[in-house]
J.: 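Got a structure for you, written out below as structure tokens; questions coming shortly.
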Amino acid sequence: MKKWIISSVILVIILFANKANGQTYTQTFIDKCTGETKVVTTTYINGNAVVSFYNQIKTFTPLEVQIGQLQV
């Protein structure tokens with residue numbers, strides 16, 4: 001029984017020890033049409049860019065970022 005508890009604790013520690021590395025960039029601006037303050041968030045995780053803008057989220061691969069798909 002003691003070995004089972006120790007094994008379970010070690011397994012839980014290993015599962016929670018994983019962490020995601022990434023960078024987040026946030027930009028705030030005033031929309032010229034509506035005058036509202038808007039926030040754009042870009043998070044880079046494992047080379048992919050995840051962009052959140054106007055309540056939509058899209059993921060871009062490194063190739064799409066290089067060819068300018070991200071700016072469009």
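Side chains included, hydrogens not; waters and symmetry mates left out as well; all remaining heavy atoms used.
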J.: Check the hydrophobic clustering (I, L, V, M, F, W, Y; side-chain heavy atoms under 4.5 Å; chains of links allowed) and say if Val50 and Val39 are grouped together.
T.: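 No; Val39 is not reachable from Val50 via cluster members.
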
J.: For Thr42 versus Ala49, what's the shortest heavy-atom pair and its separation?
T.: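 It is CG2-CB, 4.3 Å.
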
J.: Apply side chain to side chain contact (heavy atoms under 4.5 Å, CB included) to Tyr54 and Asp31, showing your working.
T.: CA-CA 11 Å; Tyr54 282 105; Asp31 189 329; 2.5 Å; yes

J.: So how far is it from Ile67 CD1 to Thr61 OG1, rounded to the nearest 0.5 Å?
T.: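 Reported value, rounded in 0.5 Å steps: 7.5 Å.
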
J.: Roughly how far apart are Tyr25 OH and Thr41 OG1, rounded to 0.5 Å?
T.: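 If I round to the nearest 0.5 Å, the distance is 13.0 Å.
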
J.: Quick one: closest heavy-atom pair of Gly35 and Ile30, and the distance?
T.: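 Shortest heavy-atom contact: O-CG2, 3.7 Å.
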
J.: Answer whether the closest heavy-atom distance between the side chains of Asn48 and Pro62 falls below 4.5 Å.
T.: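 Result yes, sub-4.5 Å side-chain heavy-atom pair found.
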
